[in-house]
There are 2 protein chains.
Amino acid sequence: MTDLFPDKGHDHGRCIDSALHQAETVAEANNARFTDMRRRVFTLIWQSHKAITAYELLDALQGEGVRAQPPTVYRALEFLVGLRLIHRIESLNAYFGCDMPDCEHLGQYFICRNCGRVAEAVNEDMSRAVRAAAGAVGFKIEATTIEIKGLCHDCAAH
Amino acid sequence: MTDLFPDKGHDHGRCIDSALHQAETVAEANNARFTDMRRRVFTLIWQSHKAITAYELLDALQGEGVRAQPPTVYRALEFLVGLRLIHRIESLNAYFGCDMPDCEHLGQYFICRNCGRVAEAVNEDMSRAVRAAAGAVGFKIEATTIEIKGLCHDCAAH
DNA sequence: GACGAAATGATATAATATAACACTTCAACA
DNA sequence: TGTTGAAGTGTTATATTATATCATTTCGTC
């Protein structure tokens, strides 16, 4: 079975580096400034494969000695979401790093309630079903939120 | 085309009556008390086919002369969600009346950003795709949130 | 270096949600 | 029919999430 969730022992430094590199590329392609604050927030989000809330980010920033206030964090989040570098998980009021920001996807999120990890999937069957259902009733899709909560493979096994 | 959303000219009184009747049946079947406060909140939610927030409900209750506080509203909402008589729309922080509370569904919500109406759909293709995607990665589903935002057929036409 | 746009700082406050404890209601049963 | 215990509601306070507004700083362009 292919698990969407990363291995326990994976080299997370590489996840972060790769995400940062992609983010820089995307920002450049959009003539957007990947400022220090935005990089900090983005990096903090990528510290784990869990979703993180705005105020957790704020605490983390302040822990790093940055004198930040809520609007600072929300602005960075807005910027990153706008470029699809991160996603907001509506059912958690939290944010999650996207590892395929170029892909024009209807993303789906699997959220493990035990370990807290989130994994993004792009499932063409699901996307097609959503589009078909909308088409059948004349609904013009602008955004979709698909969040699936439960137990990841690892946690279900224990 | 079958529109999920109700006709402009539909008799909304019948929606409300039918929903109330179903709700009473479900509550009874679950040995749950459909108290006056719960009925008020439920009826307020059913005043329209839009989603309504907890604080809008609170205002409406107070407008009716009920001396309610936030916990009162949230408790009623918790009760109604628990029996699946209403659903929470995560991306709106709002609540919406369910018209098929008995159905053990993975519900999908279409939300029109123009008129604000919400419609629930049960699409077996979509549910199957979600289950298949989860199964393929060993994820044990406990809850799903599928919210599709855009323009309903009426609003897209204008 | 001057200018204007974009980004950030700073303060205040809005909007959403829950904890904790007191009081009331109601159904079951003695 | 009165008692009792659980469920429901009242009340106060506060936690959590998010945004409006205006001042200041940064940065690329000329």
Side-chain angles (χ1 to χ4, degrees), chain A residues 23-24 26-45 50-62 64-83 85-96 116 145 147, chain B residues 23-24 26-45 50-62 64-83 85-96 116 145 147:
Chain A
E24 273 158 8
V26 169
E28 192 164 357
N30 287 271
N31 278 315
R33 285 160 57 193
F34 201 61
T35 62
D36 181 58
M37 183 60 76
R38 289 164 178 173
R39 176 189 310 272
R40 279 177 187 282
V41 170
F42 184 79
T43 305
L44 285 169
I45 291 171
K50 302 180 187 181
I52 186 170
T53 70
Y55 279 78
E56 285 168 351
L57 287 166
L58 182 58
D59 285 350
L61 283 173
Q62 290 172 345
E64 290 180 350
V66 179
R67 283 164 55 93
Q69 294 300 321
T72 300
V73 174
Y74 281 101
R75 284 167 185 148
L77 291 170
E78 185 183 21
F79 172 86
L80 296 167
V81 168
L83 288 184
L85 297 172
I86 63 171
H87 294 292
R88 176 177 163 82
I89 307 293
E90 298 290 349
S91 61
L92 299 178
N93 297 330
Y95 298 84
F96 174 70
T145 300
E147 297 170 6
Chain B
E24 274 158 7
V26 169
E28 190 164 357
N30 287 272
N31 276 319
R33 283 159 58 192
F34 201 59
T35 63
D36 182 57
M37 183 60 74
R38 289 164 178 175
R39 175 191 308 272
R40 278 175 187 282
V41 170
F42 183 78
T43 305
L44 285 169
I45 291 172
K50 303 180 186 180
I52 186 170
T53 69
Y55 279 78
E56 286 168 349
L57 287 167
L58 182 58
D59 286 350
L61 282 174
Q62 289 171 346
E64 290 180 349
V66 179
R67 282 165 54 97
Q69 295 298 322
T72 299
V73 174
Y74 281 100
R75 284 168 185 150
L77 291 170
E78 184 183 22
F79 172 86
L80 295 168
V81 168
L83 287 185
L85 296 173
I86 63 172
H87 295 293
R88 176 177 163 83
I89 307 294
E90 298 291 349
S91 61
L92 299 178
N93 296 331
Y95 299 84
F96 174 69
T145 299
E147 296 170 6

> Does a donor on one side chain sit under 3.5 Å from an acceptor on the other, for A:T145 and A:E90?
no

> With rounding to the nearest 0.5 angstrom, report the CZ to OG1 distance, B:R88 to B:T53.
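Output value for this atom pair is 10.0 Å.
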
> On DNA chain C, check which nucleotide each of B:L92 and A:F79 is closest to and give me the residue with the more 5' one.
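Per heavy-atom nearest nucleotide, the more 5' residue is A:F79.
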
> Less than 3.5 Å apart, which donor and acceptor atoms pair up between the side chains of residues 31-39 of chain A and the rest of the protein, not counting sequence neighbours?
unit_1	atom_1	unit_2	atom_2	d
A:T35	OG1	A:R38	N	3.3
A:D36	OD2	A:R40	NE	3.2
A:R38	NH1	A:R33	O	2.6
A:R39	NH1	A:E24	OE2	2.4
A:R39	NH2	A:E24	OE2	3.1

> Could you state the atom-to-atom distance from CG of A:L57 to P of C:dT8 in whole Å?
15 Å

> Could you check how far OH of A:Y55 sits from C1' of C:dT18, rounded to whole Å?
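Taking OH of A:Y55 and C1' of C:dT18, I get 17 Å after rounding.
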
> Between B:E56 (CD) and C:dA14 (C1'), how many Å, whole number?
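Rounded to the whole Å, the gap is 14 Å.
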
> Taking for each residue the nucleotide of DNA chain D bearing the nearest heavy atom, is the 5' side occupied by B:N93 or by B:R67?
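Going by which nucleotide is closer to the 5' end, it is B:R67.
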
> Go through residues 68-75 of chain A and report each residue with a non-hydrogen atom lying under 4.0 Å from DNA chain D, sorted by number.
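Result for residues 68-75 of chain A: A:P70, A:P71, A:Y74, A:R75, sorted by number.
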
> Please determine which of B:I52, B:L58, B:L61 meets the side-chain contact (heavy atoms from CB on, under 4.5 Å) test together with B:V41.
B:L61

> What's the shortest heavy-atom distance between B:V26 and B:N30, and which atoms?
O-ND2, 2.7 Å

> Measure from CG on A:L80 to P on C:dT8 and round the result to the nearest Å.
10 Å

> With a 6.0 Å cut-off (strictly less than), is the heavy-atom count around CD of A:Q62, excluding the residue itself, greater than 12?
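Yes, CD of A:Q62 has more than 12 neighbouring heavy atoms, counting only those of other groups under 6.0 Å.
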
> Which atom names give the shortest non-hydrogen contact between A:A23 and A:L85, and what distance separates them?
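Result for this residue pair: CA-CD2, 3.7 Å.
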
> Going 5' to 3' along DNA chain D, which are the first and last nucleotides with any atom under 4.0 Å from a heavy atom of chain A?
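Counting from the 5' end, contacts occupy D:dT17 to D:dC27.
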
> Is there a residue in residues 26-38 of chain B whose heavy atoms reach under 4.0 Å of DNA chain C, and which residues are they?
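By residue number: B:R33.
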
> Using the side-chain contact (heavy atoms from CB on, under 4.5 Å) criterion, which residues pair with A:Q69? Sequence neighbours excluded.
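For A:Q69, the residues satisfying side-chain contact (heavy atoms from CB on, under 4.5 Å) (neighbours in sequence not counted) are A:P71.
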
> Please state how far atom CG in B:L58 lies from atom C1' in C:dA14, giving the value in whole angstrom units.
15 Å

> Can you name the side-chain contact (heavy atoms from CB on, under 4.5 Å) partners of B:V81, sequence neighbours left out?
B:I86, B:Y95

> So, for B:S91 and B:E147, which heavy atoms are closest and what is the spacing to 0.1 Å?
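Shortest heavy-atom separation between B:S91 and B:E147 comes out as OG-OE1, 2.6 Å.
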
> Return the minimal non-hydrogen interatomic distance between B:L83 and B:A27, and the atom names on each side.
CD1-CA, 4.0 Å

